[in-house]
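Here the structure comes first, spelled out in structure tokens, and everything after it is commentary.
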Amino acid sequence: TLRSICGIAAGATTANLSDQGLGKASARIIALELRFNKSLKSADLGTNSIGDEGTLVLSDALKSNSTLENLELYDSKIGSAGAQSLAEMLQVNRALTSVNLLKNYLGGGAAAVVAAAKQNGNIKALCGIEEGKSEVSFVNQGLKEPDAVLLSFDLEFNRALTSLNLRGNEIGAGGAKAIADSLPQS
């Protein structure tokens, strides 16, 4: 089977590269793949060390990608600079519908990503919560305030969700407020 530079089979629609020890150098190679691959719909790059520098090159490649719909970047050591590059990419990319950014170090960059996702109009999730899902548990996941800010986006757009368990996390008062503000008022 013919494979790409990243080892993704020609014509594949999904790529699972999670927990492979990928860093910024690997992100550059994946970015090349994203520029030219016209069949890939979903890429899982979670639990790697992509960081801000790797996220910058991925974001740049995704500005011109018109096929990738789902991107998993959870637990990828992304900081606020990486979050800002993702926010800028979301302003122009119209193919993506889900970008999972939980368990990173986004800081205030989480709010920039949420604002860009709202402006984008096609994004349905920033935390990997499937549209229409009614129950989600994030018990003891080590989530912090920026994760709660991302969750507030998913809660605002996934009105089918009736149960969210965040026990054992450290979302803080700011995270709790972001989630509370996203809930429907009755």
Side-chain angles (χ1 to χ4, degrees), residues 14-19 41-52 55 58-59 62 68-91 93-186:
T14 63
N16 185 350
L17 299 171
S18 67
D19 201 15
K41 300 282 185 201
S42 180
D44 187 345
L45 307 176
T47 315
N48 283 298
S49 297
I50 292 171
D52 286 341
T55 303
L58 290 172
S59 294
L62 286 167
L68 193 71
E69 298 169 0
N70 178 58
L71 179 61
E72 300 286 335
L73 286 171
Y74 56 88
D75 195 20
S76 291
K77 316 263 185 298
I78 301 168
S80 60
Q84 187 60 46
S85 70
L86 288 165
E88 291 168 8
M89 176 272 297
L90 289 175
Q91 292 174 356
N93 181 297
R94 294 295 180 252
L96 282 169
T97 59
S98 177
V99 183
N100 185 347
L101 295 171
L102 287 179
K103 298 174 78 173
N104 282 293
Y105 311 108
L106 305 181
V113 169
V114 167
K118 285 180 179 181
Q119 188 177 34
N120 175 295
N122 290 330
I123 303 294
K124 306 289 186 240
L126 294 173
C127 302
I129 299 175
E130 296 172 24
E131 193 173 4
K133 193 155 188 163
S134 63
E135 295 182 14
V136 177
S137 176
F138 289 108
V139 172
N140 298 322
Q141 292 294 308
L143 301 183
K144 308 281 189 228
E145 186 173 324
D147 298 310
V149 172
L150 297 172
L151 279 166
S152 72
F153 176 87
D154 284 29
L155 293 173
E156 188 174 330
F157 288 94
N158 187 348
R159 294 300 184 190
L161 195 62
T162 58
S163 175
L164 175 67
N165 191 339
L166 293 171
R167 187 173 25 100
N169 289 290
E170 300 173 13
I171 63 169
K177 181 178 180 348
I179 289 173
D181 289 349
S182 71
L183 298 175
Q185 306 300 315
S186 54

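The figures that follow rest on heavy atoms only: side chains count, while hydrogens, waters and symmetry mates do not. In this chain, numbering begins with 1 at the start of the sequence shown.
- Contact between Ala116 and Leu90 at its shortest, heavy atoms only, is CB-CB, 4.0 Å.
- A heavy-atom distance below 4.5 Å is found between the side chains of Phe138 and Ile129.
- With rounding to the nearest 0.5 angstrom, the CG atom of Leu166 is 5.0 Å from the CD1 atom of Ile179.
- The shortest distance between side-chain heavy atoms of Asn122 and Leu96 does not fall below 4.5 Å.
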Sequence neighbours excluded and cut-off under 3.5 Å, please list the side-chain donor-acceptor pairs for residues 142-149, or say none.
| unit_1 | atom_1 | unit_2 | atom_2 | d |
| --- | --- | --- | --- | --- |
| Lys144 | NZ | Glu170 | OE1 | 3.1 |
| Asp147 | OD1 | Lys103 | N | 2.8 |
| Asp147 | OD2 | Lys144 | N | 2.8 |

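- For Gln119, the side chain to side chain contact (heavy atoms under 4.5 Å, CB included) partners are Gln91, not counting sequence neighbours.
- Closest approach of Ser76 and Gly46 over heavy atoms only: OG-CA, 3.8 Å.
- When side chains are defined from C-beta on, Ile78 counts as touching Leu106, because their heavy atoms get closer than 4.5 Å.
- Rounding to the nearest 0.5 Å gives a distance of 11.5 Å between OG1 of Thr14 and CD of Glu72.
- When every heavy atom of Phe153 is checked against every heavy atom of Ala125, the shortest pair comes out as CE2-N, 3.9 Å.
- Here the CG-CG distance, from Asn100 to Leu71, works out to 9.0 Å after rounding to the nearest 0.5 Å.
- With a 4.5 Å cut-off on side-chain heavy atoms, Val113 and Val99 do not count as touching.
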Stepwise, does the side chain to side chain contact (heavy atoms under 4.5 Å, CB included) test hold for Lys77 with Ile50? CA-CA 6 Å; Lys77 316 263 185 298; Ile50 292 171; over 6 Å; no

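- Of the inter-residue distances, the one linking Ser49 atom OG with Asp75 atom CG reads 8.5 Å to the nearest 0.5 angstrom.
- Residue Leu126 holds its CG atom at 10.0 Å from NZ of Lys118, rounded to the nearest 0.5 Å.
- Shown here for Ser182 and Ser152, the closest heavy-atom pair between the two residues is CB-O, 3.2 Å.
- Using modelled atom types and a 3.5 Å distance limit, the side chains of Asn70 and Ser42 yield a donor-acceptor pair.
- Within the 4.5 Å cutoff, the side chain of Leu73 has heavy atoms near those of the Leu86 side chain.
- Between the side chain of Ser80 and the main chain of Gly109, no donor-acceptor pair closer than 3.5 Å is present.
- Lys124 places none of its side-chain heavy atoms less than 4.5 Å from the side chain of Asn158.
- Looking at heavy atoms from C-beta onward, Leu45 lies in side-chain contact with Leu58 at the 4.5 angstrom threshold.
- Separating the CG atom in Leu101 from the SG atom in Cys127 is a distance of 8.0 Å, to the nearest 0.5 Å.
- Here Glu131 pairs with nothing under the salt bridge (charged side-chain N to carboxylate O under 4.0 Å, His left out) rule; sequence neighbours left out.
- In this structure, Arg167 places its CZ atom where only 12 or fewer heavy-atom neighbours from other residues, nucleotides or ligands lie under 6.0 Å away.
- Contact detail for Gly82 and Ser85: the closest heavy-atom pair is O-OG, 2.8 Å.
- Closest approach of Asp52 to Ala81, counting heavy atoms only: OD2-CB, 3.6 Å.
- By the 6.0 Å contact criterion, NZ on Lys177 is open, its count of non-hydrogen atoms from other residues, nucleotides or ligands being 12 or less.
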